*Asks:* 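Here it is, the structure in full.
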Amino acid sequence: MAQVTIEHLGKTFSEGTEAVRDLSLEIGDGELVVLVGPSGCGKTTTLRMVAGLEETTSGTITIGDRVVNHLPPRERDIAMVFQNYALYPHKTVYENLAFPLKLRRLSKPEIDDRVRRSARLLGLEDLLGRKPRQLSGGQRQRVAMGRAIVREPQAFLMDEPLSNLDAKLRTQMRAEIHRLQRELQATTIYVTHDQVEAMTLGDRVALLRKGELQQMATPQELYDKPTNVFVAGFIGSPAMNFVGAELGRRDGHLEVTFGQQSLRLHESEARPGLEAYIGRRCVLGIRPEHLEDAALESGAPADRRFRGKVEVREGLGSEVVVHFQVEAPPTLTEDVRELALDVDAAALADLEREQQLHETVFVGRFGASTKAAEGDAVEVVAEHGALHFFDAESGRRISL
Amino acid sequence: MAAVGARARKPRPSGAERMILGRRLRVEGVLRFAFIGLFLLFLLGPLYWVFVTSIKPVADYQTVPPVWFPDSPTSIHFSAALNDLRGWTGLKNSAIVAGIVTVVSVLVGTAAAYSMARFRTGGKNLAFWVLSQRIMPPIAVVIPIFLIYRELDLIDNRFGLAALYVVFTLPFSIWMMYTYFRQMPVELEEAALVDGCTRWQALWKVAWPLAAPGIVSAAAFAFVFSWTEFLFALVLTSNEAVTVPVVISQFLAFQAAQFGESSALSLCAMVPALFLGFLVQKHLVRGLTLGAVQG
Ligand SMILES: Nc1ncnc2c1ncn2[C@@H]1O[C@H](COP(=O)(O)OP(=O)(O)O)[C@@H](O)[C@H]1O
Ligand SMILES: [Mg+2]
């Protein structure tokens with residue numbers, strides 16, 4: 001296995017689409033890096049450039065210690081798992097696995113040995129004689145994985161390998177890929193638009209937007225310290241709540257105001273960088289899991305509470321997801337618009353309507369015993385450390 | 001889901017209903033067989049008549065009532081048609097012409113279609129333009145082509161005729177293969193490239209085998225077209241290069257129509273076409289690419 005380095009990579013398609021811009025990533029030996037981002041952000045294009053299926057417009061790609069920019073795919077010694085698996089329909093499972101080895105002129109016994117070893121690793125032993133069309137979705141997925149690992153390549157490239165499976169199978173295969181990757185110590189670039197996959201699989205996660213890297217970090221850091229509104233809104237489900245707010249000072253403490261309501265900042269949230277924003281507009285972000293029904297947290301101080309009106313209540317058994325309206329204008333930055341559009345066009349329309357009404361819909365994940373009912377007023381507590389602040393113009397996290 | 005629910009809710013038929021249902025099924029069955037029978041008669045009747053005519057003595061040709069099967073079948077028409085009346089020459093010419101056309105049309109058609117499907121050669125419109133060449137009625141160009149061929153000294157030349165047939169069959173071959181390559185996921189070839197193929201190997205080891213049904217249909221079309229084409233063969237050949245349809249037509253043009261001989265040669269001409277039909281049927285297995293891609 002080898003390290004993969006991408007430096008200042010750029011791709012502009014002939015008709016002018018700039019799919020990737022100045023992208024630099026380093027994938028360590030044996031590391032699994034996930035490229036994640038909304039559809040159309042350039043993930044597949046990046047992966048295809050690494051594979052050699054797409055020419056680069058600028059930048060360099062290094063696999064191991066070779067610059068591979070001008071090598072054809074077959075000389076790059078990488079394996080790729082395609083979204084639709086791309087199994088050879090006219091070959092049996094055995095032949096599919098043996099194909100890359102045959103092309104490398106390995107001896108018959110060696111091929112047989114390797115095919116059987118990979119098949120065992122993936123539980124495909126009984127399927128070796130079948131054609132791809134006689135396999136279920138999950139089995140095809142395994143064969144596609146098998147065809148990649150049988151090669152023992154320098155690196156694995158996977159383009160949304162689980163997106164064609166149903167939810168249950170996806171979870172199972174996700175764990176399986178995880179296990180295999182650890183077991184083989186395989187340098188892997190994994191592309192997905194599913195942030196749960198990204199968070200669970202990635203040693204590190206690179207989040208892309210419109211061809212540009214937003215942040216590359218461990219899943220935990222991405223969650224705790226998103227660099228901007230876009231990252232904050234993309235990572236986490238349900239997504240972080242955003243509201244237009246203003247910072248101020250009262251009794252020597254920092255305080256954030258949205259609409260008519262204010263929250264006092266906890267020490268863990270009161271970074272010195274915020275001082276510069278006093279009296280200015282900013283974006284306040286709070287994750288749904290950091291909100292709780294005040295009725296369930298009687299000890300919570302009054303200055304960490306705010307009120308809203310319950311719109312929708314979704315009981316999940318273990319918890320209740322409550323959508324509630326707060327009187328304050330939502331933020332409609334470019335980032336927020338794009339995040340909404342990634343859900344669907346209706347989500348953006350909803351946001352625009354809320355903007356007109358000066359109402360923001362928050363989502364909270366409350367304890368299962370909450371009594372919040374649709375139409376009721378509800379008082380909500382923001383946990384310590386829950387408040388994220390972003391610059392209203394640039395959308396960047398206010399740090400330091 | 002909905003369909004399953006609907007089926008489950010449908011009440012089971014009562015006894016009376018079942019009888020009505022049963023009768024309806026019987027009536028349907030009878031009608032179906034009657035229809036198929038008529039269709040077969042329509043299809044095979046003429047073929048049978050060609051067959052009996054080819055073995056009838058001359059006296060039995062046009063009797064009233066007709067002779068359904070001759071008392072003393074004869075094979076003289078076959079030897080006359082094949083040996084004395086240039087039947088063999090026609091068959092040989094047809095085989096050469098059709099063979100050349102099939103090979104060239106498929107090779108050139110596949111290459112052109114692959115390039116159009118994978119590299120967008122000719123942009124968006126070339127593919128349709130190619131197909132549109134088939135829309136023109138051939139008769140419109142008979143005279144100009146005759147004149148051109150006379151200038152080029154290609155009259156009564158097998159290769160000249162084959163070249164013309166390639167021009168006629170190529171649009172179909174290209175179109176057929178184009179749709180095949182278009183519906184074949186690019187990822188298959190890309191997977192092959194990553195797995196270690198060169199471009200040519202990817203074409204040869206992956207794309208070509210998967211396009212086999214398309215190749216077989218295109219080849220069958222080119223062969224059958226060249227085997228049966230009459231108009232241009234009649235105009236452009238006279239002696240050396242005559243093809244089977246032209247030879248057969250000449251039998252009927254003599255003072256006394258030689259029904260036996262023409263039937264005999266027609267039968268001989270049908271054999272390769274029938275044989276091809278069986279071959280093609282076996283290879284025309286659609287949906288070979290099913291399972292390559294999870295949908
Ligand atoms: N072959 C191509 N020609 C032109 N534009 C392309 C091509 N492939 C992708 N694009 C464009 O490049 C952008 C990035 O695409 P892609 O890498 O497929 O995104 P992702 O995989 O993140 O969904 C999109 O705007 C897409 O329309
Ligand atoms: Mg993609």
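Keep in mind the model is a prediction, meaning the values are calculated, not measured. Numbered from 1 within each chain, the chains take letters A, B, ... in sequence-line order.
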*Asks:* Among A/Val81, A/Ile78, A/Asp77, A/Leu53, which residue forms the greatest number of heavy-atom pairs with chain B at distances under 4.5 Å?
*Replies:* A/Leu53
*Asks:* Hey, does the side chain of B/Arg158 reach the backbone of B/Val97 with a donor-acceptor pair shorter than 3.5 angstrom?
*Replies:* no
*Asks:* Looking at B/Tyr178 versus B/Tyr114, is the centre-to-centre ring distance below 6.0 Å?
*Replies:* no
*Asks:* With a 4.5 angstrom heavy-atom cut-off, which part of B/Gln201 approaches chain A: side chain, backbone, both or neither?
*Replies:* side chain
*Asks:* Among A/Pro73, A/Pro100, A/Ala148, which residue forms the greatest number of heavy-atom pairs with chain B at distances under 4.5 Å?
*Replies:* A/Pro100
*Asks:* Would you please classify the geometry between the B/Phe168 ring and the B/Phe225 ring as parallel, tilted or perpendicular, with 30° and 60° separating the classes?
*Replies:* perpendicular
*Asks:* Is the positively charged end of A/Arg147 above the ring of A/Tyr85, judged by distance under 6.0 angstrom from the centroid and angle within 45° of the axis?
*Replies:* no
*Asks:* Does any heavy atom of chain B fall under 4.5 Å from the side chain of A/Arg48, the backbone, both, or neither of them?
*Replies:* side chain
